[in-house]
Amino acid sequence: MDVDVAKHRGLKNGKPYGTVDATQFHLTQHVIWRGGGWKIADWVVS
């Protein structure tokens with residue numbers, strides 16, 4: 001999937017402590033069938 005992240009502020013204990021710049025990336029998820037449902041085994045960001 002393609003992921004778009006908007007610029008946002010980080011919070012710690014409800015108080016702002018910095019900003020995260022906007023970015024884009026592609027995420028590939030590898031799933032496995034376990035316990036009657038799909039579970040994410042791992043993912044790769046590119």
Side-chain angles (χ1 to χ4, degrees):
M1 74 177 73
D2 292 317
V3 179
D4 293 317
V5 179
K7 183 176 181 177
H8 60 280
R9 297 184 75 140
L11 297 176
K12 183 174 184 177
N13 298 323
K15 297 180 182 179
Y17 70 92
T19 58
V20 177
D21 291 334
T23 190
Q24 296 177 324
F25 56 90
H26 184 80
L27 181 66
T28 303
Q29 297 174 334
H30 300 171
V31 296
I32 58 173
W33 184 263
R34 182 171 293 158
W38 291 106
K39 307 292 182 189
I40 297 174
D42 61 32
W43 49 26
V44 176
V45 177
S46 57

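All values derive from a computational prediction rather than experimental measurement.
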Please give me the minimum heavy-atom distance between W38 and V31, naming the atom from each residue.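 Taking every non-hydrogen atom into account, CE3-CG2, 3.6 Å.
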Are M1 and W43 connected in a single hydrophobic cluster, I mean Ile/Leu/Val/Met/Phe/Trp/Tyr linked by side-chain heavy atoms less than 4.5 Å apart?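 Yes, same cluster.
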Is it true that V20 and L11 fall in one hydrophobic cluster, defined by side-chain heavy atoms closer than 4.5 Å?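 No, it is not one cluster - the side chains of V20 and L11 are not joined through contacts under 4.5 Å.
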With rounding to the nearest 0.5 angstrom, report the [atom1] to [atom2] distance, [X] to [Y].
X   : Y   : atom1 : atom2 : value
I32 : K39 : CD1   : NZ    : 9.5 Å
K7  : T23 : NZ    : OG1   : 13.0 Å
T19 : H8  : OG1   : NE2   : 9.0 Å

Test of understanding: with side-chain contact (heavy atoms from CB on, under 4.5 Å), list the residues that count as partners of V45, not counting sequence neighbours.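 side-chain contact (heavy atoms from CB on, under 4.5 Å) list for V45, sorted by chain: F25, L27.
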